[in-house]
Structure formats: C-alpha cells, structure tokens
Amino acid sequence: NRTYEYSILNLQYNFFGGKMTKFIYLFLFSTLLFNQNYSLYFDGVNDYIDLPEGILEYNEPRTIMVFVKPNNDGFIYSSFNSSTGEYRIEPYQFALKGSDGQWYYAGISVDSVNYGEWVLITGVWDQNDIYFYYNNNLLAQESMVGDLITNTFSGETVIGNSGAHFNGPFDGEIAYAAVWNRALESDEISQIYFNESNIEETNNLVGYWPFYEGAGHTVNDLVSNNHGTINGATWVENIYGCMDDHADNYDSNANIDDG
C-alpha cells in the first residue's frame, strides 16, 4: 500500500503572523461540528453499536463516512456477513474482501494518524478502485475490481468494533456515521466536509446516524429503519469553548476548543 504524507489541515497560509490560519481552522472545525451537540464515546474494550444486516449488498458500490476523534486503530465501522460481504473502515484505511478471497486496502501509515483530533474519514469503492479520504483530501487509491466475496463468514454489522469476532474495539469518540450505496465524488465529500447538513441532500443515502439523541440505548437512522442498538458506548455532551487555561476567555467546562 502507498503511504501518503499529510496534515489534518494543510492550508499553507501564514497571514498576520498565523492569525489567519487559526481563524480558518476554527471556522472549518466549528462547521464540521455543526449541530453536533452529542457524540458517543467508545472505551476500546467491548463497546459497539449493533446495526441491522443488509444495509449494503455484496455487488453494490459504496461510501462509508464517519466523523471521529480516534485514540487507537480500532474498527470504526465494519460488516462481516455471509450474504453481503466483508468490509471495514479504520482510522488509517478502508478495506474490502474481494471475490477472490483477498483483502484489498487503501490507506495511510498508522504513524500518520493524528490521534485525539477530530477528523472526517471517508472510504469509497466504485467497484473498480478503493479511495481513502481524510477530511476532504484524497490520500490513497488502490484497485479492486468486481464484487465482494460471500458465504465466507457469518458476522454482524457494527459501529465501533469488529463485526467478526469483536476483537477490534475502537477507542475514541464518534459524532456521526453515514452510508451510501454509490461512490461519492470528491466534490461531494468536500461539500459535506464544509457543512454536514449536505449529507441529507445527496442521492443514494441508505443510512445516516447523527447521534443527536444524547441519552438512551438507540441511535436513530434518519434515512430508513436501520436503527442501531448501543452496547456500552456512553454519551458525551459537546461543550464548545476556549480550553486554553491561560486565556481570558478560558472555559473550564469546555471539551471542544473553539478558541
């Protein structure tokens, strides 16, 4: 697999002693978290969200998008099903098992992941190539032609763990997840990156879990009836404010720094 060097925000602006760069960063970050009052924390041990099977078929193109703050390399979204195929997205790669029984990967070096920072991760497969995006940057592309293999493993579709043996627990926060049964274009991913509300304006959206509930054991799918059941993951209220304890506007209650 190819390794791509990147940064979370490669603006390459340095106006006014870096003040413009900070302003643009804070604007983009606040836009990414638009309407995200809550997220779910996964402990990296045994937490997960159980989803219905059959959200995607083995012979469909797909896009998996998640907005996360990872602390480890656990599975963010995965599906291991005998009739619909096997695939998974992690903080550093998007992987699918082809009809030849081999895993195919598009991703970056594990050492390149910025742990503890919010990032929009998107995996795309158009039945010819796999694409891996960080925020709105395409960082990797690998070939995989055909369909997914079937009748190999009977597992589950889950958020925050491996749907195979539950041996890939994710440690970190997830603010939302979305699934399409088509390959999104780069400009569509950029539009969502700048404004999450564009998700619901796209075609072929088959699952969207914005984690707006803030309590309870269910995450609702705003597109269909693919509602998820929370197992262990805990709700986190997103409180915006300045987290610099040396600043005049420091907010001791904030858990998301908005400057």
Side-chain angles (χ1 to χ4, degrees), residues 39-68 70 72-91 93-99 101 103-107 121-125 127 130 132 144 147-184 199 202 204-211 213 216-233:
S39 57
L40 276 167
Y41 171 71
F42 297 76
D43 65 6
V45 179
N46 55 8
D47 293 351
Y48 67 97
I49 297 173
D50 190 23
L51 297 177
E53 308 306 322
I55 297 174
L56 291 168
E57 297 297 328
Y58 74 97
N59 59 353
E60 288 184 308
R62 65 205 57 210
T63 299
I64 313 295
M65 178 181 287
V66 289
F67 188 44
V68 299
N72 75 348
D73 300 320
F75 292 15
I76 304 170
Y77 184 105
S78 69
S79 184
F80 293 81
N81 187 273
S82 62
S83 62
T84 59
E86 303 177 33
Y87 58 96
R88 66 185 195 263
I89 192 162
E90 297 152 89
Q93 68 179 6
F94 185 38
L96 306 97
K97 184 177 279 191
S99 57
W103 281 98
Y104 293 82
Y105 310 86
I121 298 176
T122 307
V124 178
W125 177 53
Q127 294 185 290
I130 309 170
F132 183 77
M144 196 195 95
D147 298 329
L148 301 186
I149 195 169
T150 58
N151 300 315
T152 57
F153 191 89
S154 182
E156 299 183 43
T157 301
V158 302
I159 296 173
N161 212 323
S162 166
H165 301 288
F166 292 88
N167 57 353
F170 176 74
D171 180 2
E173 292 181 51
I174 302 177
Y176 66 79
V179 176
W180 291 259
N181 63 355
R182 70 176 178 91
L184 290 189
I199 288 177
T202 55
N204 295 80
L205 182 65
V206 295
Y208 176 37
W209 304 268
F211 296 178
E213 294 83 2
H217 300 286
T218 301
V219 290
N220 292 296
D221 176 13
L222 298 192
V223 178
S224 58
N225 292 318
N226 295 313
H227 308 309
T229 301
I230 301 170
N231 292 270

#### Entry: Nearest-0.5 Å distance that lies between atom CD1 in I230 and atom OG1 in T218
6.5 Å

### Message
Contact between E86 and L148 at the side-chain level, heavy atoms closer than 4.5 Å - yes or no?
### Response
no

### E90 vs Y105, side chain to side chain contact (heavy atoms under 4.5 Å, CB included): CA-CA, chis, key distance, verdict
CA-CA 11 Å; E90 297 152 89; Y105 310 86; 5.8 Å; no

### Message
Could you report the tightest heavy-atom contact between P52 and N225, atom names first, then the distance?
### Response
CG-O, 4.4 Å

### Message
Are V206 and S224 packed together at the side-chain level, in the sense that at least one heavy-atom pair is separated by less than 4.5 angstrom?
### Response
no

### Query
Among all residues two or more places apart in sequence or in another chain, which pass the side chain to side chain donor-acceptor pair (under 3.5 Å) test with S83?
N81

### Message
Checking the side chain of E156 only, and the main-chain atoms of D50 only, is there a donor and an acceptor separated by less than 3.5 Å?
### Response
no

### Query
Just how far is it from atom OG1 of T157 to atom CZ of F80, taken to the nearest 0.5 Å?
9.5 Å

### Query
Measuring from T229:OG1 to Y48:OH, what's the distance to the nearest 0.5 Å?
9.0 Å

## Note on the structure
What one should report as the nearest heavy-atom pair of I121 and I89 is CG2-CD1, 3.8 Å

### Message
Would you compute the distance between atom CZ of F75 and atom CZ of F166 and round it to the nearest 0.5 angstrom?
### Response
11.5 Å

### Query
Does any non-hydrogen side-chain atom of W125 lie less than 4.5 Å from one of I130?
yes

### Query
Once you round to the nearest 0.5 Å, how far does CD1 of I174 lie from CG of D47?
10.0 Å

## Note on the structure
The complete set of side-chain hydrogen bond (donor to acceptor under 3.5 Å, both in side chains) pairs with one or both residues in residues 57-67, sequence neighbours excluded, reads E60-N181

### Query
Is the Y77 ring parallel, tilted or perpendicular to the W209 ring (thresholds 30°, 60°)?
tilted

### Task
List the atom of G74, the atom of P91, and the distance in Å for their closest heavy-atom pair.
O-CD, 3.2 Å

#### Entry: Main-chain N/O of N161 paired with S78 side-chain donor or acceptor, under 3.5 Å
yes

### Task
Please tell me if the side chains of V219 and L40 come closer than 4.5 Å, counting only heavy atoms from C-beta onward.
yes

### Message
Could you report the tightest heavy-atom contact between Q127 and P61, atom names first, then the distance?
### Response
OE1-CD, 3.6 Å

## Note on the structure
What one should report as the nearest heavy-atom pair of H227 and D221 is ND1-N, 3.0 Å

### Query
Are the side chains of F170 and N72 in touch, meaning some heavy atoms are under 4.5 Å apart?
yes

### Separation between CG of L56 and OG1 of T84, rounded to the nearest 0.5 Å
8.0 Å

### Query
So, for S39 and E173, which heavy atoms are closest and what is the spacing to 0.1 Å?
OG-OE1, 2.6 Å

### Query
If we only count heavy atoms from C-beta on, is the N167 to S162 side-chain gap below 4.5 Å?
yes

#### Entry: Contact check, side chains of I49 and F211, non-hydrogen atoms, under 4.5 Å
yes

### Task
Measure centre to centre between the rings of F94 and F132, then say whether the value is under 6.0 Å.
no

